[in-house]
Structure formats: structure tokens, C-alpha cells
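In what follows, chains are A, B, ... by sequence order, proteins preceding strands, each numbered from 1.
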Amino acid sequence: MSRSLSWRRLRWLIVPLVVLPLVAVLFVGFGRDPSVIPSPLIGKPMPSFSLTALDGTTLSSRDLAGKPVIVNFWASWCPPCAEEHPVLLDLAKRYGDRVTVVGILYNDDAEGAARFLSRYGDGGWADLLDPSGGTAVDYGVTGPPETFFIDAAGIVRGKQIGPVTSDVASAQLATLGLVVAAP
Amino acid sequence: MIRQAAFTLAAVALVALAAVAVVNLLRPAPPLTAAQQARALEAELRCPDCQGLSVAESRTTSAGAIRTQIVRQLDAGQTPAQVRDYFVARYGEWILLEPASPVWLLIPFLLIGAAAAGLIVWLRSARSPMAAPSPTLVDTPAAPDAAEAVRQRVRDEVEALDA
């Protein structure tokens, strides 16, 4: 009699003690999308680079100071890059006077890039070659397209993994302090 | 006597073993060469454009870029920890194949451990009164008498049925 009573009391003590922490761990674990990797670069100065553009000129990150910058890592072999390209073209057309767009090729060469631009349209911004992949590593790029939104002071304010949509572009430009016109 | 000697021997052996282990742990490992350090780091870092492979196991461009960066930084006199921090600062903890576990993750396991310990203690305390039956059951003279009275009554009723 006394034994079954203590068992019953015991059960009510043990169950929440075991179940609650397990539920908490599973809730946190499953509530998180493991494919979303927050960039630790946000809030930090943009990693510097000095790379050769498709036209042969050299562009250094120092030359970009004073204006917000959009750094887009892309490749001609990457379908989502083609998908986001019209958004970038539109963005460059509408905000080109207030924002500098820079493309950096990820695991791609000048010929591939030229083919892509003649097919999908050249927005006129600088596309830089990163043959060693060193700049992509400096930015923590895992695969194109990845786009960094950097404010006028050179601080990284946002990162988009995957294609930039017009909604993403508007939201990110707003965080850079640009007044976004209705499309 | 033999038993005591065996115990002493075992104790001495254990202490000796512990001493050897401590000495081994305290002795500084021979310094790694730069190439060995680079290999160790490559095995620790995730290849960014692979699925679950380390940089050491991959031949992609970004794995190559990370290898180049590791060698360059080690050559520049950075320690392996500094090189690791460099990549964590860019990719986040994700770049480490075995990221450090957050401390709060210990809490549920501690609670479960506490529950298990509690279970054992409760079970033991619940069992002990059964192991040593309470003296009231044994010593009360009323108990055997009552049993005898019941038996007598059963006997009477069986006889009544037989009759």
C-alpha cells in the first residue's frame, strides 16, 4: 500500500522532470530552420577586396566608401542567379545614383560571365573576378547567389542567401536608410 | 590475509595508473609542424559547398580557397585557434564540423540525471520497509489468533456443507 502510494507520487515528480526539458530541447531544435545560417558579418565592417573587373580595371573595396554598396556573389552556371538578375537590373536602374552594385563571380570565369550578361542583360555595374575564391571565403559565401547589403560607412547591414526578390531588395534598401519608392 | 594483500596490490596499481595518466596529460605534446596544423584545421572545417564534408575531403574551389587561406595565415604566424576564429567570424559556428555545444544544452540532461537519481533513491526508500517487516506484524499476538479464528470458521462451514 505505502509502496504503491510512493510510486504514484514519484511518477508525478519524474514525468515533468524528464518530459519538460526534452520538450524544450525538441521545441528549440525543430523550431529552427537548419538551412538558415545567420551571417556573423552583420554589423561588422565589410571584408576588403581588390579584384580585377571583367573590363580589366581593378576595383578595391576602398573605392566604394561613402555610398551604400550591394555586393552580389553570382555565377553564370547558377539558375537562381538568372532568376534574381532582373531584380538587380531594376534596382540598379532605379537606385543606381544612390547605391553601388558590385558583382563578384563565384567559381566562374570571364567567358561564362560574358555569356550570361549578353543573355540576361548587362546592368553596367562592375563584375569582379575572384579566381582563387579568396574573397568569397572572406565573405563566408557558401554558394551563389548571396548578396550583402552594406551601408555608406562600410558596415554590413544585411545578407540574402538565395535570389534577391523585389520584396527583399526593398526591405534591405530600407535598412540601408534609402527611401524606397513604391514599384 | 590474502584478500587484504590483493586489495593493497590493486590499490597500488590503480594509484600508479592514475599517476601515469596525469603525467601523460601534463607532458606537453611535441609541437606540430605547420603542415600538420594545416591538415588538422582542414579536417575541422566544413567545406562550404559540399554536404557534410570537411575541407580536407573536398576538391571544390571554395575548399581550395579555404586551404590556401589556412596555409597563408599559418605562414603569417597565426595560431591554429586564430585561423579557426577567422573562419568562424565569416561563416559562423556552422563552418566547424563539430561546433562547441552551448552550455544551456546541459540543463535538460542535468535534470534528467537528477530525475534518474531521484528515482533510484525513491525506489530504495520504498523497498526498505518491505525488506525488514514492521515489528507490529510479527509481534502482535492478535494476528495468529485472528488467522486461527478464520481457519476454524472455514472448517466449521465445510463440515456444515458436508453434513
*Under a 4.5 Å heavy-atom cut-off, does chain A meet the side chain of Phe109(B), its backbone, both or neither?*
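Answer is neither: Phe109(B) stays 4.5 Å or more from chain A.
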*Pick one of side chain, backbone, both or neither for Thr68(B), based on which atoms fall under 4.5 Å of a heavy atom in chain A.*
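When you check distances to chain A, no heavy atom of Thr68(B) falls under 4.5 Å.
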_Between Ala136(A) and chain B, with a heavy-atom cut-off of 4.5 Å, which part of the residue counts as in contact: side chain, backbone, both or neither?_
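The answer is the backbone of Ala136(A).
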_Engaged part of Asp138(A) at the chain B interface, taking heavy atoms whose separation is under 4.5 Å_ =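 Interface part for Asp138(A): both.
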Is there a continuous path of hydrophobic side-chain contacts, each under 4.5 Å between heavy atoms, that joins [X] to [Y]?
X	Y	value
Leu41(B)	Val137(A)	yes
Val69(A)	Phe149(A)	no
Tyr139(A)	Val99(A)	no
Leu51(A)	Leu41(A)	yes
Phe148(A)	Ile70(A)	no

Exercise: identify the closest heavy-atom pair between [X] and [Y]:
X	Y	result
Val141(A)	Pro48(B)	O-CB, 3.9 Å
Val88(B)	Pro40(A)	O-CG, 3.5 Å
Ala65(B)	Gly134(A)	CB-N, 4.1 Å
Arg90(B)	Ser39(A)	O-OG, 4.4 Å

*Roughly how far, to the nearest 0.5 Å, is the CG atom of Leu111(B) from the CG atom of Leu20(A)?*
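So the gap between those two atoms works out to 9.0 Å.
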_Could you check whether any side-chain heavy atom of Tyr106(A) comes within less than 4.5 Å of a side-chain heavy atom of Thr61(B), counting everything from C-beta outward?_
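Not touching, per the 4.5 Å side-chain cut-off.
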*Considering only heavy atoms from C-beta outward, does the side chain of Ile112(B) approach that of Leu22(A) to under 4.5 Å?*
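Yes, their side chains come closer than 4.5 Å.
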*Should we say atom CZ of Arg62(A) is surrounded by more than 12 heavy atoms from elsewhere, each under 6.0 Å from it?*
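Count not over threshold, so no.
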*Taking everything shown except Gln4(B) itself, do over 12 heavy atoms lie less than 6.0 Å from its CD?*
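Open: at most 12 neighbouring heavy atoms sit under 6.0 Å from CD of Gln4(B).
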